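Have a look at the structure below before the remarks.
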Amino acid sequence: MKALLLRGPNTAFEIARLPDPVPGPGEAVARVLACGAGLTIQHVKAGRAPAKFPLVIGHEITGEIVALGAGAEGVRVGDPVTAFFYLFCGHCRWCLSSLEPLCENTGGYVGRDCDGGYAEYIRLPARLFIRLPEGLDWKTHPAEIGVVTDALATPYKVLSRARVKAGETVAVFGAGGGLGIHQLMMAKWAGARVIAVDTRREKFDACRKAGADAAVDASQGGVAEALLDLTRGQGVDVAVDYVSSTATLEAAAKALGRRGRLVTLGGAGQTFSLSARELLTREQEVLGSRYVTRREVIEALALVARREVWPMVSDIRPLEQAEALHQRLERGEVIGRAALMIA
Ligand SMILES: [Zn+2]
């Protein structure tokens, strides 16, 4: 099969011929139509996230099951599918409680710890494949459907993690990024008033298109004050931090109102300080949110099938242009998500 191979961290893609994958027991192989491209996988390519090289990256796929190994369950040959991002075990107490991202025997990530979707075929444990619901036009829109499994499902999950209700105010830190843009979209879908926070003004038009009612330029500081101004001093009901640096977390905490919820899921993952008295007197909560459950991927796909939301994929290219596309990702130029067409 044709595949985009990375021989090591921070190297260029090599268009390679690899053996077609054969499914082992419990595994399935899918033909890949399209695969999403975002900063998560660019971090792997650039060597900022650990991975097992030589490697085929990518996990946001639209594909079609072509072969099943012995005992493989849950999908059939011919099924249109996407893939779950984490290599969960399927039998620990967290997996059995349908909380796959908390799996205690996790094998890592698709496209980092095993080969991913930048190839004509992908082989995974069958339980990682998720059959696409009826009514999803995956043949016409494989790039958009592919990114749902992460770029749209992750923000969708945050809505329930933070218990976002219609009429609440939601501030999104890192709103111009691939996940941030989709968080604006999902918060708007949930009926919230949505405020984008980002340091890159050039992303604000896209933020408004995705559903932001207001935007705060974080490059000059004063973010908490701006959020308090925009809420007449009440503070926001929910702050979602896709950056999670000390500065963004502290600004988010300071901008929270009574019963406010701060959700952190940004890659920086830094420490920050918080007033226990504020938490107590205002009954505030701090929450972590890690990827999604299989169930949440299915729910997000259903929303897209009903056209209640639609992923923002702004740059779709053939496999041969992967290097140029990843250079755009590295420079932060892509609006929303990008994707590669594989088949
Ligand atoms: Zn498990």
Side-chain angles (χ1 to χ4, degrees), residues 21-30 32 35-36 38 40-41 43-44 49-53 55-63 65 67-76 79-117 119 121-133 146-163 179 242 244 263-267 269 286-302:
V22 177
E27 294 179 335
V29 171
V32 181
C35 185
T40 306
I41 66 173
H43 286 324
V44 176
K52 291 178 184 160
F53 295 97
L55 180 69
V56 176
I57 61 170
H59 63 279
E60 293 179 328
I61 63 153
T62 294
I65 298 291
L68 297 176
E73 288 177 355
V75 285
R76 284 186 278 194
D79 278 351
V81 292
T82 188
F84 195 77
F85 181 25
Y86 290 8
L87 293 160
F88 62 96
C89 79
H91 54 73
C92 72
R93 69 180 176 118
W94 300 103
C95 287
L96 292 176
S97 309
S98 298
L99 291 167
E100 297 90 350
L102 301 178
C103 175
E104 56 194 29
N105 309 310
T106 178
Y109 309 88
V110 174
R112 266 171 73 169
D113 299 283
C114 71
D115 281 344
Y121 297 99
I122 182 170
R123 175 180 60 193
L124 295 172
R127 63 178 169 275
L128 262 75
F129 286 111
I130 297 169
R131 207 166 84 84
L132 299 177
V147 309
V148 173
T149 188
D150 188 351
L152 200 69
T154 298
Y156 171 74
K157 182 254 186 79
V158 167
L159 298 178
S160 56
R161 191 87 182 98
R163 305 185 307 280
L179 286 165
Y242 280 96
S244 300
V263 184
T264 172
L265 64 165
V286 180
L287 303 157
S289 188
R290 190 170 192 205
Y291 188 40
V292 299
T293 64
R294 263 181 63 97
R295 179 77 242 159
E296 285 154 346
V297 174
I298 293 166
E299 289 170 8
L301 287 165

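Note that the structure is a prediction, hence the values are computed from the model and not measured. Both counts, for ligands and for their atoms, begin at 1 and track the order of listing.
- Protein N/O/S atoms found under 2.8 Å from the Zn ion (ligand 1), listed by chain and residue number: C89 SG, C92 SG, C95 SG, C103 SG.
- Applying the side chain to side chain donor-acceptor pair (under 3.5 Å) criterion to R163, with sequence neighbours excluded, gives E285.
- Looking at residues two or more places apart in sequence or on another chain, you find no ring-ring contact (aromatic ring centres under 6.0 Å, His included) involving Y242.
- The neighbour count for E104 CD, taken as heavy atoms of other residues, nucleotides or ligands under 6.0 Å away, is above 12.
- By the 4.5 Å heavy-atom criterion applied to side chains, P21 and E27 are not counted as neighbours.
- Annotation: side chain to side chain donor-acceptor pair (under 3.5 Å) contacts of D115 (sequence neighbours excluded): none.
- Under the 6.0 Å distance and 45° angle rule, R127 does not count as a cation-pi partner of F84.
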